[in-house]
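Input: a single structure, listed below in structure tokens.
Numbers restart at 1 for each chain; the letters A, B, ... are given by sequence-line order, proteins then strands.
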Protein chains: 2
Amino acid sequence: MNLRIKDVAEAAGVSVTTVSRVLSNNGPVRDAVRQRVLGAIEQLGYRPNAAARRLRSGDTATIGLIVSDVRNPFFTEVSRAVEDAAYQQGLRVILCNTDENSEKEAMYLRLMEEERVTGCIYSPTHDAAQRFKAQAYDFPVVMIDRAGPAGSADAVVLDNRDAAARLVEHLVERGYRRIAGLFGNASTTGRERHDGFAQALGRHGLPVRAEFVEPNPESALRHVGAWLADDPASRPDAIVASNGLLLLGAYREMRARGATPGADIALAGFDNDSWTDLVTPGITVIAQPVYEIGKIAMQLLTQRLADPSMSTRSLVLPGELVIRGSTAAR
Amino acid sequence: MNLRIKDVAEAAGVSVTTVSRVLSNNGPVRDAVRQRVLGAIEQLGYRPNAAARRLRSGDTATIGLIVSDVRNPFFTEVSRAVEDAAYQQGLRVILCNTDENSEKEAMYLRLMEEERVTGCIYSPTHDAAQRFKAQAYDFPVVMIDRAGPAGSADAVVLDNRDAAARLVEHLVERGYRRIAGLFGNASTTGRERHDGFAQALGRHGLPVRAEFVEPNPESALRHVGAWLADDPASRPDAIVASNGLLLLGAYREMRARGATPGADIALAGFDNDSWTDLVTPGITVIAQPVYEIGKIAMQLLTQRLADPSMSTRSLVLPGELVIRGSTAAR
DNA sequence: ATGAAAGCGCTAACAC
DNA sequence: GTGTTAGCGCTTTCAT
């Protein structure tokens, strides 16, 4: 199958231009001729060479998607949304996992440049987001989950401060007073959620107990373990986790130590991952419109592509507080 | 940044050939010259054009990964394993979700051809697997999770019959007798697991109650709902689900109807998805070596690329029975 | 160790 | 409505 467009042209008795026009469905071709070409393509089993096409046309029809880890259900869903939207528009997706590692991040950004991607959807670590210079790239970038400094790039993010504050309000209303929080140390998101958390506690004159940790279940295990080992009189009566991975670790550690969320200590956090309503009692969470975030990111990208001069936009979506048994009234 | 290799050559005062040699790190270049070229690249911010490279070299360094849905935790993990292995070897990955839809499947296979992928890792629907002709493709294909007819392509799969049989043996040993099974109707895997299930029941002289259904939680809901509505004397006393999605649906429906797995009716199935040991009681499952499946698939692919004449290999991995409370003795 | 030049397969001017 | 041709940016003989 090392057929070239020329072979098709000969088989159909037309020029390569005509074949090209049929393939890309642009430019005038008589219907009879089109059928003849299509027939030849079919019969020979010809497949246009994507690399040649991209080189010549200067349009790669490729978008890059850089996330920390697809195994995080948040990014699993986002990536599916992005891929659905992309393939519908005839765009190909290159998916990269950075593991919150700045070296991988730099390497994948370089990969995007070499691929001459049409655009890129990017979830940067906090440091990378601060340093990010959109002008350094020839393609538009849409940040998701985490934005850089205002105006540095289009972004779609959650209203993190508000969501974290609502979690605190809910806990306070339910009678909890010694509220401790676990926040991811790698992302802007973690900081914003911390700020909303701390401010809300401050409004109630409550002490702020917070840790910034590596955003994985294991680090949650350690910190929650330490908290639970505290003197019962002073240990937290409620724990908040700033993302699904930390929430999972916190839950596991509580169960491992025989603590029932909502009975012994309240537990709440971010991300309505499927396990949170499967366990008993269910876990109170801030649900993010996950699929929508991916979909909107693609829309922002498409619009930016259509009009590069448009001013930078940041879409802030509200989280939804889903109340379950893990924050039962004291 | 519309720099070409020629610009780098001029800046460094060498020929494009030399720059190319430095870029691909092959061919002799004096160290002083190499440094000069590297400096020019760095200073200009040059990035080689991947499409041009691929077109000229004929090597796309790209592998295709076709799965039904990355949101299925099995494929999430597999895809992460494949991507890790691929990027380590300097290969790019194109990920496609077919949703068990044969049109999408055909379209993505065609995409692989146009991309001139180096190789492809593919989880076909049952029908596509039967029809699959490896000779029709210019690149090697490794099937995962589901194999085609013997010898049609390299494959890495679970020992499905054995695993399903062990699930049945376990249930019988625990005192269950009216065992019903839910099996995916789209994949070879579902059939094999059904066969192991049915044979094991047969060995014990037990009746076979099985349904082939669309492999998603919703269809499990319906069937389990119908079973639970049965006359208590004749309704199943144990339910087996042939993959993680069906198991999840079965679990939800049981809880919705107030049935506790392991107390009222036993529940067991495939895929050690994270929720299965979070719920109480935990769910007895066959755990698959998921990350390893992806990793091995890449190894098979790499070896096949190194020696295309090698005879077709099918790697069959054992599942691990993880016993939890959902199959407590009656 | 380095360079000149051909050409990968396609699309887009431009001519007719 | 169709064809001729230049050239996208790179790698790879083949010379030197």
Separation of atom [atom1] in [X] from atom [atom2] in [N], rounded to whole Å:
| X | N | atom1 | atom2 | value |
| --- | --- | --- | --- | --- |
| B/N49 | D/dG7 | CG | P | 18 Å |
| B/R21 | D/dT11 | CZ | C1' | 10 Å |
| B/E114 | C/dG9 | CD | P | 15 Å |
| A/N2 | C/dG7 | CG | P | 17 Å |
| B/K6 | D/dG7 | NZ | P | 12 Å |
| B/R47 | D/dG9 | CZ | P | 16 Å |
| B/R36 | C/dA1 | CZ | C1' | 12 Å |
| A/D59 | C/dT11 | CG | P | 11 Å |

| field | Side-chain donor or acceptor of B/N101 paired with backbone N/O of B/T98 under 3.5 Å | value | no

The side chain of [X] lies closest to which of these nucleotides: [options]?
| X | options | value |
| --- | --- | --- |
| B/R53 | D/dT12, D/dC10, D/dT2 | D/dC10 |
| A/R56 | C/dT11, D/dG1, D/dC10 | C/dT11 |
| B/V14 | D/dC10, C/dG3, D/dT2 | C/dG3 |
| B/S57 | D/dG9, C/dA12, D/dT11 | D/dT11 |
| A/T18 | D/dT2, D/dC10, C/dT2 | D/dT2 |

| remark: Ranking A/R30 and A/V16 by the position along DNA chain D of their nearest nucleotide, the one closer to 5' is A/R30

| task | For C/dG3, take OP1 and OP2 only and decide whether either is under 4.0 Å from a side-chain N or O of B/S15. | result | yes

| message | Check this for me: A/Q89, atom CD, are more than 12 non-hydrogen atoms of other residues, nucleotides or ligands nearer than 6.0 Å? | response | yes

| request: Please say whether more than 12 non-hydrogen atoms of neighbouring residues, nucleotides or ligands are located less than 6.0 Å from NZ in B/K104. | output: yes

| query | Rounded to the nearest 0.5 Å, how far apart are CG of A/D145 and CD1 of A/I121? | reply | 13.0 Å

| request: Name the residue closer to the 5' end of DNA chain C, choosing between B/A52 and B/G27 according to the nucleotide with the nearest heavy atom. | output: B/G27

| Got a salt bridge between B/E115 and B/R110, using NZ or NE/NH1/NH2 to carboxylate O under 4.0 Å? | no

| message | When you measure only distances, ignoring hydrogens and angles, does the side chain of A/T17 come within 3.5 Å of the base of C/dA12 through a donor and an acceptor? | response | yes

